[in-house]
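What's counted below: heavy atoms across the whole structure, side chains too, no hydrogens, waters or symmetry copies.
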Amino acid sequence: DRSLAEGTGIWREFPLLGLQVDTESRCPRTWQLLTEVEAIASHWRLCPNEETALFSRLTPGTRLKPHCGPTNLHLTCHLGLEVPTGCRL
């Protein structure tokens, strides 16, 4: 939801499972690991039109407003792959 981002940066999302997007060919190892976790795979099968797993990219200057999802079906985990000095999750 773009309304949750503020600041000068950009928030982009890349769905890995869900939204009926085929990402198996673009991220085969990540897709395989995710589908081997039964809780993730079952959510994906039951809710194919929802984001089950995704990568988010926040460019410098992006701030996300505090938020929550529409249901309690999701567990959000943030893992910074490249975190510049002074940034925090």
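Clustering ILVMFWY residues whenever any of their side-chain heavy atoms sit less than 4.5 angstrom apart, transitively, puts L16 in a cluster other than the one holding L33. Under the 4.5 Å side-chain heavy-atom criterion for Ile, Leu, Val, Met, Phe, Trp and Tyr, F55 and L4 are members of distinct hydrophobic clusters. Both I40 and W31 sit in one connected hydrophobic cluster of ILVMFWY residues. Membership requires side-chain heavy atoms under 4.5 Å apart, directly or through other members.
Checking side-chain atoms of T30 against main-chain N and O of C27 turns up no donor-acceptor pair under 3.5 Å. In this structure, the side chain of T62 does not engage the main chain of L58 through any donor-acceptor pair within 3.5 Å.
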- Could you walk me through whether R12 and I10 pass the side chain to side chain contact (heavy atoms under 4.5 Å, CB included) test, one step at a time? CA-CA 6 Å; R12 293 196 176 123; I10 298 170; 3.8 Å; yes
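Salt bridge present: E38 and R45 bring a charged side-chain N and a carboxylate O closer than 4.0 Å.
In terms of heavy atoms, G7 sits closest to R63 at CA-NH2, 3.9 Å.
Note that the CH2 atom of W11 and the OG1 atom of T59 stand 12.5 Å from one another [nearest 0.5 Å]. The structure places CG of L54 at 9.5 Å from CG of L17, a figure rounded to the nearest 0.5 Å. Between the OG1 atom of T35 and the CH2 atom of W44 there is a distance of 6.5 Å, given to the nearest 0.5 Å.
In this structure, the side chains of H43 and E50 come closer than 4.5 Å at one or more pairs of heavy atoms.
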